[in-house]
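Small disclaimer: the values here were computed from a predicted structure and weren't measured. In what follows, chains are A, B, ... by sequence order, proteins preceding strands, each numbered from 1.
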Protein chains: 2
Amino acid sequence: MAYDYLEMLMYIAKKAGVFKALEISTIRIAKELKTSQQTVSRKLRDMEKLKLIKRTATQKGLLIQLDANGRDFLKQHHSNLGNIFAEKEEVTGIITKGIGEGRYYVNLPQYQKQFKEKLGFKAYPGTLNLRVKQSEALEFISSLEAVEISGFETKDRTFGKLTGYKIRINNIKGAIIIPERSRHEEGIIELIAPYDLKKKLGLKDNSRLKIQK
Amino acid sequence: MAYDYLEMLMYIAKKAGVFKALEISTIRIAKELKTSQQTVSRKLRDMEKLKLIKRTATQKGLLIQLDANGRDFLKQHHSNLGNIFAEKEEVTGIITKGIGEGRYYVNLPQYQKQFKEKLGFKAYPGTLNLRVKQSEALEFISSLEAVEISGFETKDRTFGKLTGYKIRINNIKGAIIIPERSRHEEGIIELIAPYDLKKKLGLKDNSRLKIQK
DNA sequence: ATTACTAGCGAGCGAGTAA
DNA sequence: TTTACTCGCTCGCTAGTAA
């Protein structure tokens, strides 16, 4: 299978590009891929037979470029990876009763100042808790840009760093807020927005809610 | 190296996605990847040691999901492939004296009608010949959409099919025209545009000219 | 300098089977 | 049913060297 040759194919494609030819010696390739000159020589000959590469001998070594099968294989492989990493555009969850401390934390001026600066809005004092499938949420969140909200200390205690992720909730700007040291169980995400989302959107506990990029 | 495990990693990532877990047996994987149950079992254990995957035994087989190193490796690999296939946005060449038949062919009403319909402009009667690096031109052209210009017959002779590729030349709409049975040597591409480009842009033979997507 | 053949060796494969 | 151990054998690796 072509996977046996993928590392070398990638090496050639990286150095030569998709269409250009590369003049190089088997010794050089062997060093860079941490294998022997003999193995490189044999593999390149095998790859030529499979039409993964074109290979011509020169004085200084070999002139190598991708052949049709090599290009096709890399293209196919790239598209497969593209599908795997396809970004999730939205995630839907069920509104869940929060533990109620959101209101207190969110409204602290040291946080609010940063929400305004870094997320672009002053948050309604209170968070909306959304129960989501953890794997879906991870895929969704991993496609978003993280905004760091610094922690701070008062004379009484320390308030931790938060990570914000800008989202839209029915086209209202909002954010997912994840405390560095999460107080939440897995599968629950905490939302903030400029308004009381429950009131504004007519939502109750156990309502379904969709959030988007 | 992680390349040794890439095929199996891709298999898992395709089936499970980036974060979800997959319940499957080593026998099933072995069949689909055309190898033995024992090899799958061993490789999965090795991959667990390398933190490429997480692996938990269940009654029906194994629960498998990507682990941090596996995700990182696939991501890195995907980005490498992305660079390889990054589309070329422009190519620069040297204006070259054409063989002069362009004026005649381009101005045939059977072609002109299609230029207007499919490329969006009536072509100035004459082509501009550009000498480019063949590999660069291929990379550039392969990122463009092909527009087919049909051939036709007169009572005297046959005029072949052309392939057009829409481009911009200093923001003027134009096209690369490649005759099915090319009369040109490699490394020369033929351009058409609504105007006399040489006059409009003040160009002479041997001037440098950049064309863009 | 190179590439690539031969030969010998060792890692990895898969059949058999235990758990 | 599974997974995964042992073990024999093969395939692919590298050293030596020819071309």
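Note that the NZ atom of A:Lys88 and the CD1 atom of A:Ile141 stand 12.0 Å from one another [nearest 0.5 Å].
For A:Ser41, the side chain to side chain donor-acceptor pair (under 3.5 Å) criterion is met by A:Arg45, not counting sequence neighbours. By the side chain to side chain donor-acceptor pair (under 3.5 Å) test, A:Glu87 is found to be paired with A:Lys213, residues two or more places apart in sequence or in another chain being considered. Under the side chain to side chain donor-acceptor pair (under 3.5 Å) criterion, B:Ser135 pairs with no residue, sequence neighbours left out.
A salt bridge links B:Glu32 with B:Lys15: the closest approach of a Lys/Arg side-chain nitrogen to an acidic carboxylate oxygen falls below 4.0 angstrom.
With no hydrogens or angles considered, a side-chain donor-acceptor pair links B:Gln76 and B:Asn80 at under 3.5 Å.
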Scan nucleotides 17-19 of chain D against the protein and return all N/O pairs shorter than 3.5 Å with their distances rounded to 0.1 Å.
none

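Minimum atom distance to the side chain of B:Arg45 is reached by D:dA4, of the listed C:dT2, D:dA4, C:dC5.
At the heavy-atom level, B:Thr26 lies under 4.0 Å from the strands shown only through sugar-phosphate atoms. Nucleic acid contact class of B:Ser41 (heavy atoms, under 4.0 Å, all strands): base.
Listed in residue order, the members of residues 54-65 of chain A having a heavy atom less than 4.0 Å from DNA chain D come to none.
Among residues at least two apart or in separate chains, ring pair (Phe, Tyr, Trp, His ring centres under 6.0 Å) pairs with a member in residues 3-54 of chain A are A:Tyr3-A:Phe73, A:Tyr3-A:His77.
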